[in-house]
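One structure below.
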Number of protein chains: 2
Amino acid sequence: MTPVAGRGTGAAPRSVDVARLAGVSQKTVSRVMNDEPYVSEDVRRRVLAAAGELGYRSNNAARALASGRTRSIGVVTLGTALYGPASLLMGVERAVRDTGYALRVVNTMEGESAGIAGAVDSLLDQGVDGIVISEPIDEEGGAELSARVDVPVLVLGAPPPFAAPHVVTGGIVSGQMARAATEHLLELGHTTVHHLAGPQRWYSARDRLEGWRAALADHGRAEPPVVEGDWSAASGYAAGRELLADPALTAVFAANDDMAIGLMRALAEGGRRVPEDVSVVGFDDTPVAAYVTPPLTTVRQPFDAMAQGGLKLLVHAIENPGSDPLPMADPPVELVVRASSAAPR
Amino acid sequence: MTPVAGRGTGAAPRSVDVARLAGVSQKTVSRVMNDEPYVSEDVRRRVLAAAGELGYRSNNAARALASGRTRSIGVVTLGTALYGPASLLMGVERAVRDTGYALRVVNTMEGESAGIAGAVDSLLDQGVDGIVISEPIDEEGGAELSARVDVPVLVLGAPPPFAAPHVVTGGIVSGQMARAATEHLLELGHTTVHHLAGPQRWYSARDRLEGWRAALADHGRAEPPVVEGDWSAASGYAAGRELLADPALTAVFAANDDMAIGLMRALAEGGRRVPEDVSVVGFDDTPVAAYVTPPLTTVRQPFDAMAQGGLKLLVHAIENPGSDPLPMADPPVELVVRASSAAPR
DNA sequence: CGCAGTCATGACAGCGCAGTCATAAGCCGG
DNA sequence: CCGGCTTATGACTGCGCTGTCATGACTGCG
């Protein structure tokens with residue numbers, strides 16, 4: 001009368017069930033599942049066959065409880081569909097997959113009560129083995145947070161927002177490329193370059209501002225007033241309407257492509273031709289950048305490479321606690337010159 | 001000599017430690033942490049104070065093991081930064097947060113070996129309580145997959161790709177809006193409307209194709225040959241170069257905004273003015289759609305509402321097993337008319 | 001005042017794994 | 001041919017929590 005397994009048919013099989021079927025101990029099943037050494041080929045095969053037959057899948061909670069590791073990495077995202085952050089997140093997903101870890105995601109909406117600290121906290125609650133903070137924005141709470149973080153943290157695309165024990169930084173210095181973009185415009189012969197900045201709570205926006213500033217300083221050029229947007233094309237458009245007031249305007253470096261597109265629309269409406277009257281350079285190389293009118297000169301960021309490289313560091317830190325952090329090679333960033341930038345006049 | 005807790009200072013506090021400090025049983029701590037009834041206010045306060053003092057956070061793995069529920073929901077994404085899928089993912093993240101569940105993410109790259117089935121499988125391995133499949137694409141393997149799925153599944157933005165036990169569908173019928181977009185062009189006076197379709201492995205692309213087709217059929221119009229892209233502006237551009245060959249071309253409905261933008265560029269290069277010679281309508285209302293030249297008429301999808309509504313269904317299915325699925329109200333979709341569409345001539 | 005019913009709490013077991021240690025078998029060299 | 005090694009396996013335990021049940025205190029009511 002008793003069914004084979006002795007439990008209701010609905011219940012998921014456990015390692016003991018597999019063990020029984022394969023005629024081995026539960027521990028041996030565990031060994032096979034974890035690719036531990038000291039298992040004979042014969043036994044391994046029998047266990048795998050039994051597992052397959054029963055449709056066994058090991059219980060993650062039990063495994064995490066017993067081993068103290070969850071084999072998962074948490075990501076803090078910004079909760080926007082902006083091309084940069086979204087691409088970085090996708091890169092992280094792809095890269096995490098390769099490492100064998102699972103991915104947990106929480107997002108922190110800008111202006112939300114808890115912010116990054118809250119997001120990190122909820123990841124710690126979930127018991128992740130490591131944390132990725134992607135494109136952090138500036139906020140308070142970093143100090144108290146760092147005390148509670150007891151797993152390695154990877155900060156992607158910007159300097160770490162807080163000084164926690166095991167923080168590594170991966171990813172590019174986007175300031176460097178902002179500098180290159182600005183220099184591109186100067187070398188075309190523009191007297192100076194205006195900057196349409198991103199929201200300054202974002203490290204990456206500040207980075208780009210500083211890169212632009214450094215380029216102007218290097219070349220001994222006057223620094224025009226900065227106009228700040230919020231990354232959106234709408235804000236770029238609004239900024240463009242402001243900039244139209246300046247008859248001397250000949251070149252603008254925008255902190256991302258969306259703002260550059262909004263800016264170009266405002267310029268067009270104001271009767272300024274791009275690039276004949278005003279050159280525009282963006283940042284990100286979004287998929288549409290090459291197809292707007294005119295095609296946008298911009299900076300392409302290697303999101304996948306950043307994520308992959310950074311995760312390698314993180315996994316190293318997780319699996320070799322106490323060891324020195326791996327060095328991070330800055331992945332290649334590229335200035336893509338298109339029709340929106342040209343010599344003045 | 002023995003320190004207070006009797007364990008190394010590095011070890012995370014457990015509920016027994018809290019219990020000891022608060023002078024109650026471990027079970028009572030568990031009661032407080034889970035907001036169970038039958039705990040006096042006094043005890044509750046003492047326990048919370050003790051937990052705060054020790055920096056206690058409950059161990060998720062142990063909780064999951066004991067309760068059999070992980071309190072987490074898995075999402076299958078497409079691994080692209082395309083505006084639609086990325087927005088939907090963000091919407092899901094936001095919505096999940098409100099439900100109190102944690103989010104695990106896996107993505108299936110198009111053309112990858114395992115595909116959706118593999119992604120779902122890995123989520124099941126992780127032991128999620130429910131699964132969200134966002135924008136599924138067409139593929140085999142659905143049948144065998146459905147046998148293994150033992151948690152509720154929500155399919156967002158398209159019909160379910162497989163017949164699993166507990167599948168609910170949430171989200172809009174984008175075909176309906178494709179129809180509205182096409183009708184908008186017909187009502188402007190265009191004799192017929194071309195369609196620049198998305199990749200037909202995507203349900204949403206097929207939906208839009210069918211909506212377009214239905215609109216033409218309703219109005220008794222000839223159906224021009226379909227051009228298929230891959231969602232990218234580049235593919236829209238390529239399609240545009242093909243469409244230029246047709247001198248009778250006066251209106252195109254593109255399955256997303258990026259392709260519409262590429263298309264408009266090709267039209268511009270071919271000397272066809274938008275909207276004077278050719279009207280273009282897109283789909284998605286990406287943030288730049290309003291700022292390209294000319295501003296793009298398009299269809300705005302309420303990603304947040306779709307995700308929120310869908311997740312409500314999913315959580316209901318998780319927490320009330322066996323009950324009838326909740327009805328899903330289609331969230332409002334909106335045709336945004338801008339300058340890229342106008343009457344012919 | 002006594003009994004049933006609510007409320008508040010604790011003791012205990014067990015969730016399904018992995019870690020530790022014990023054990024047995026094979027293998028080698030002196 | 002025996003002591004010491006490597007290899008292969010199992011018994012047992014415990015990870016930190018939740019579920020079940022028992023227990024006692026307190027309540028109201030006939």
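Every chain is numbered from 1 and lettered A, B, ... according to where its sequence line falls, protein lines coming before strand lines. A quick note: this is a predicted structure, and the numbers were derived from the prediction, not measured. All values below were derived from every heavy atom in this structure, side-chain atoms included, with hydrogens, water molecules and symmetry-related copies excluded.
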>> If you compare every side-chain N and O of B/S30 against the phosphate oxygens of D/dC17 (OP1, OP2), does one of them come in below 4.0 Å?
In response: no
> Are any of A/S15's side-chain N or O atoms less than 4.0 Å away from OP1 or OP2 of C/dC17?
Replying inline: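 The answer is yes; a side-chain N or O of A/S15 sits under 4.0 Å from OP1 or OP2.
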>> I need the full list of salt bridge (Lys or Arg N to Asp or Glu O under 4.0 Å) pairs touching residues 303-314 of chain A, with sequence neighbours left out, sorted by first then second residue.
In response: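 Found A/R94-A/D304.
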>> Return the OH to CD1 distance between B/Y101 and B/I318, rounded to the nearest 0.5 Å.
In response: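 That separation rounds to 4.5 Å.
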> Roughly how far, to the nearest 0.5 Å, is CZ of A/R14 from OG of A/S58?
Replying inline: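 The OG atom of A/S58 sits 14.0 Å away from the CZ atom of A/R14.
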Do [X] and [Y] come within less than 4.5 Å of each other through their side chains, counting heavy atoms only?
X	Y	value
B/V75	B/E93	no
B/T28	B/S25	yes
B/V132	B/L156	yes

> What string of B, S and - do you get for nucleotides 19-25 of chain D 5' to 3' if you count protein non-hydrogen atoms under 4.0 Å?
Replying inline: BB-----
List in chain and number order the residues that pass side-chain contact (heavy atoms from CB on, under 4.5 Å) with [X], two or more places apart in sequence or in another chain; answer none if no residue qualifies.
X	value
B/R45	B/E41
B/S87	A/A81, B/Y83, B/F303
B/E53	B/L21
A/D35	A/R44

> Quick one: side chain to side chain donor-acceptor pair (under 3.5 Å) partners of A/N60, sequence neighbours excluded?
Replying inline: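 For A/N60, no residue satisfies side chain to side chain donor-acceptor pair (under 3.5 Å) once neighbours in sequence are set aside.
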> Between A/L123, A/V106, A/I73, which is the residue that forms a side chain to side chain contact (heavy atoms under 4.5 Å, CB included) with A/I131?
Replying inline: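 Going through A/L123, A/V106, A/I73 one by one, the side chain to side chain contact (heavy atoms under 4.5 Å, CB included) with A/I131 is satisfied by A/L123 alone.
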>> So does B/R71 get a backbone contact from the side chain of B/D129, meaning a donor-acceptor N/O pair under 3.5 Å?
In response: yes
Taking atom [atom2] of [N] as reference, at what distance in whole Å does atom [atom1] of [X] sit?
X	N	atom1	atom2	value
A/L65	D/dG14	CG	P	14 Å
A/D125	D/dC17	CG	C1'	15 Å
B/R14	D/dG16	CZ	P	6 Å

> Which is true for A/V29 with a 4.0 Å heavy-atom rule: it touches a base, it touches only sugar-phosphate, or it touches nothing?
Replying inline: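 No contact at all - A/V29 keeps every heavy atom at 4.0 Å or more from the nucleic acid.
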> Hey, can you pull the residues of residues 44-60 of chain B with a non-hydrogen atom under 4.0 angstrom from DNA chain D?
Replying inline: B/Y56, B/S58, B/N59
Collect all protein-nucleotide pairs involving nucleotides 23-28 of chain C in which both atoms are nitrogen or oxygen and the distance is under 3.5 Å.
none

> Nearest to the side chain of B/T28, which nucleotide is it out of D/dT18, C/dG10, C/dC15?
Replying inline: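 Closest nucleotide among those given: C/dG10.
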> Want to know the stems of DNA chain C: at least 3 consecutive Watson-Crick or G-U pairs with distances under 3.5 Å, which are they?
Replying inline: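 Looking at DNA chain C, the stems formed by three or more consecutive pairs are C:1-30 with D:1-30.
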>> List the residues meeting salt bridge (charged side-chain N to carboxylate O under 4.0 Å, His left out) with A/R31, not counting sequence neighbours, and say none if there are none.
In response: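 Residues passing salt bridge (charged side-chain N to carboxylate O under 4.0 Å, His left out) with A/R31: none at all.
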Contacts under 3.5 Å, N or O only, protein and nucleotides 6-8 of chain D:
residue: D/dT7; atom: OP2; partner: A/Y38; partner atom: OH; Å: 3.3

